[in-house]
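Structure, as structure tokens:
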Amino acid sequence: MRTQNTTISPSNGNLFAALRAAFPQNLDAVAVETDNGLYYSWRDLDRATAMMANLLESLGLPEGSRIAVQVEKSVEAMVLYLATLRAGFVFLPLNTAYQSAEIEYFIGNAEPAVVVCTAKNFGWVSKIAFKAGTLHVFTLDDDRTGSLLDRAAHCSDQHAVATRHADDLAAILYTSGTTGRSKGAMLTHGNMLSNALVLKEYWGWRADDVLIHALPIFHVHGLFVAIHGALINGSKMIWLSRFDPKLVIRKMLEATVFMGVPTLYVRLLAEPGLTREAARHMRLFIAGSAPLLIETFTEWQNRTGHTILERYGMSETAMLTSNPYFPDQGERRGGTVGYPLPGVSLRVQDDDGNPVPVGEIGGIQVKGPNVFKGYWRMPEKTAEEFTADGYFKTGDVGRIDTLGYVTIVGRSKDLIISGGYNVYPAEIEGYINELPGVAESAVVGIPHADFGEVGVAVVIAKPGATLDPAQIIASMKSQLANFKVPKQCFVVEALPRNTMGKVQKNVLRAQYSAGQPM
Ligand code: MCA
Ligand code: AMP
């Protein structure tokens with residue numbers, strides 16, 4: 001039983017209004033159960049988001065203010081996200097692995113009115129924030145402490161959801177690029193609500209579903225696909241502060257839906273406890289963010305009797321395609337990312353902008369209510385990424401077969417996806433090239449059993465300079481988010497180049513994948 005249905009409200013396009021409307025009638029039912037034994041009812045979520053929204057509103061922030069957040073995963077961090085929506089501000093989540101130079105760029109670029117960080121990082125984060133003109137820096141830790149909660153505790157637990165238009169900004173997600181600095185993808189209330197409503201139907205969500213939430217909450221997968229999916233269906237979440245394969249397997253007996261990047265499936269398969277019996281209560285396993293190997297797909301089927309549903313999306317677009325859930329729509333095909341979701345137009349074009357014949361390979365372009373509004377303060381970059389007729393160029397290369405299934409075969413963008421995190425070689429090369437004694441470098445992705453792909457750095461020394469690969473790695477670790485740091489570094493005499501003088505990354509990839517450095 002629902003208090004209201006979850007259609008887009010004509011009077012308020014605020015995503016939170018739709019999520020709130022989908023809360024079950026019994027507000028005392030459990031909405032979130034955590035791995036450290038805490039239970040949050042739907043009423044708790046309503047009150048906590050109201051209090052935090054009131055706190056944000058009490059700060060007198062200008063409309064459209066960004067709330068930048070770099071905190072560990074906790075239910076309170078999710079509440080902060082929901083409260084930001086509720087109060088009509090713009091949420092800016094930041095990966096906890098980012099270090100000071102990365103944070104300085106995001107804060108400098110987004111100019112958030114509020115920054116929320118851990119108590120441990122308050123010293124350096126607040127310094128960066130105040131320098132960038134941020135007026136309010138709060139702390140929030142994963143043990144339900146911090147100045148944000150202290151202040152919110154004094155606020156009313158009644159709050160009227162701010163009225164927002166579907167086209168108003170709800171979040172900015174930074175995504176790196178093949179050239180230049182990271183770009184902030186601007187997502188609207190309408191982008192996210194339309195996607196959540198489509199997935200509700202497409203994946204056959206039910207109010208009695210229970211989602212195991214084991215992903216980080218600073219990217220589209222964990223923050224939007226998972227949280228919106230559960231909330232818009234009034235479904236309970238089992239909230240894991242970090243991915244723990246043994247715990248996930250134990251919790252499967254109480255759950256029905258699981259979402260993970262391929263690395264999570266690989267790690268679950270390494271557990272002898274993953275059996276048909278362990279997975280018998282589950283309804284749906286969803287994978288995405290990186291290519292799911294066919295071996296993983298098949299082994300999962302054999303071990304659990306379940307067929308993983310693979311889907312495809314981007315920060316700029318949320319979810320774009322999905323394998324079918326309902327058998328009458330077709331089978332879930334391993335190696336494919338399924339059909340374009342309802343409302344999404346997806347086409348494959350060649351480099352000259354002509355459609356390719358069915359089954360042939362080309363660049364994937366998309367259009368739909370889920371496609372973002374553009375890059376924050378980068379109108380030229382935004383224009384470059386759209387075609388004249390309004391399709392967004394994903395940078396992914398793929399094909400559509402006669403049945404309509406989409407397969408991603410590669411990327412035209414120079415990107416490594418490692419354990420579901422994106423690493424842009426250009427950013428890492430830029431960093432390495434600044435190190436003393438380095439003439440130039442190339443970073444390529446090679447296959448990795450756990451992370452799918454990992455980076456390898458190939459570096460050339462300046463004449464007369466001696467470089468130590470271990471030191472190069474150590475230097476990167478001190479400055480960059482840990483997942484971006486190449487797992488290996490080789491110092492070589494020369495990089496392979498084509499006749500135009502361009503570094504042949506495919507040659508490097510082949511050489512280092514085969515374990516045969518030059
Ligand atoms: C951790 N390490 C990694 C990665 N994660 N190295 C490469 N790639 C990674 N993804 C390294 C650390 O640098 C560290 O190395 C060592 O592993 C241990 O770190 P720790 O944090 O303990 O690792 P973990 O807890 O085992 O994390 C692995 C993980 C995590 C659980 C797979 O990476 C993860 O949660 N990935 C999910 C990412 C995600 O949610 N992506 C969705 C993006 P050292 O000690 O040497 O420093 S949203 C998206 O793509 C869209 C739009 C979509 O379609 O969904
Ligand atoms: P992000 O920039 O983090 O949003 O990452 C988006 C990129 O992840 C896409 O452009 C794809 O390259 C990749 N991606 C997401 N889902 C899949 C999938 N199921 N298979 C292959 N690649 C995927």
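Keep in mind that this is a model prediction, so the values were computed, not measured. Computed from heavy atoms alone, side chains included, the values below leave out hydrogens, waters and symmetry copies. Counting starts at 1 for both ligands and their atoms, following the listed order. In this chain, numbering begins with 1 at the start of the sequence shown.
At a 3.5 angstrom cut-off on N or O pairs, H219 does not count as close to ligand 1. Geometrically, ligand 2 and S289 share a nitrogen or oxygen pair separated by less than 3.5 Å. On a distance-only criterion, E316 and ligand 2 share no N/O pair closer than 3.5 Å. Every N/O-N/O distance between T394 and ligand 2 stays at or above 3.5 Å. Among the atoms of N422, none of the N or O lies under 3.5 angstrom from an N or O of ligand 1. Below 3.5 Å of separation, one finds an N or O of G420 facing an N or O of ligand 1. In terms of N/O distances under 3.5 Å, ligand 2 is approached by D396. Between S315 and ligand 1, a contact under 3.5 Å exists for no N or O pair. For Y312, no nitrogen or oxygen atom sits less than 3.5 Å from a nitrogen or oxygen atom of ligand 1, counting backbone and side chain alike. On a distance-only criterion, G419 and ligand 1 share at least one N/O pair closer than 3.5 Å.
The nearest heavy-atom contact from the protein to atom 21 (C) of ligand 2 is P291 N, 3.4 Å. Scanning the protein heavy atoms around atom 25 (O) of ligand 1, the nearest turns out to be R242 NH2, 2.8 Å. The protein heavy atom nearest to atom 7 (C) of ligand 1 is S418 OG, 3.1 Å. Scanning all protein heavy atoms for the shortest distance to atom 2 (O) of ligand 2 gives N422 ND2, 2.7 Å. In terms of protein heavy atoms, atom 2 (N) of ligand 1 is closest to F451 CZ, 3.5 Å. Protein heavy atom nearest atom 33 (O) of ligand 1, with residue, atom name and distance: Y421 CE1, 3.4 Å. Ranking the protein heavy atoms by distance from atom 7 (C) of ligand 2 puts G313 O, 4.0 Å first. Of the protein's heavy atoms, K487 NZ, 4.5 Å lies nearest to atom 15 (O) of ligand 1.
Remark: among candidates R411, K413, H219, H221, the nearest residue to atom 10 (O) of ligand 2 is K413, based on non-hydrogen atoms.
Inside a 4.0 Å radius of atom 48 (S) of ligand 1 there is at least one protein heavy atom. Within a 4.0 Å radius of atom 18 (C) of ligand 1, the protein has no heavy atom. Distances from atom 45 (O) of ligand 1 to the protein include no heavy-atom value under 4.0 Å. Protein heavy atoms all stay at least 4.0 Å away from atom 23 (O) of ligand 1.
Within the 4.0 Å heavy-atom criterion, both parts of N482, backbone and side chain, lie near ligand 1. At a 4.0 Å heavy-atom cut-off, ligand 2 touches E310 through the side chain alone. With a 4.0 Å cut-off on non-hydrogen atoms, H221 touches ligand 1 through its backbone as well as its side chain. Contacts with ligand 1 closer than 4.0 Å are made by heavy atoms of both the backbone and the side chain of V220.
Listed by number with element, the atoms of ligand 1 under 4.0 angstrom from any heavy atom of M314 are 52 (C). Under a 4.0 Å criterion applied to the non-hydrogen atoms of L215, ligand 1 contributes the atoms 40 (O).
Not a single heavy atom of K484 sits under 4.0 Å from any atom of ligand 1. Residue contact annotation: G222 has no non-hydrogen atom under 4.0 Å from ligand 1. The shortest separation from a heavy atom of T263 to ligand 1 is under 4.0 Å, placing the residue in contact.
Taking the six-membered ring where the residue is Trp, the centroids of Y421 and H219 are separated by under 6.0 Å. Side-chain rings of F451 and F483 stay apart, their centers remaining 6.0 Å or farther from each other.
Note that OH of Y339 and CD1 of I400 are 12.5 Å apart. Values are rounded to the nearest 0.5 Å.
Salt bridge R347/D389: present, at least one basic N to carboxylate O contact under 4.0 Å. The pair R181-E427 does not count as a salt bridge, with every side-chain nitrogen at least 4.0 angstrom from each carboxylate oxygen.
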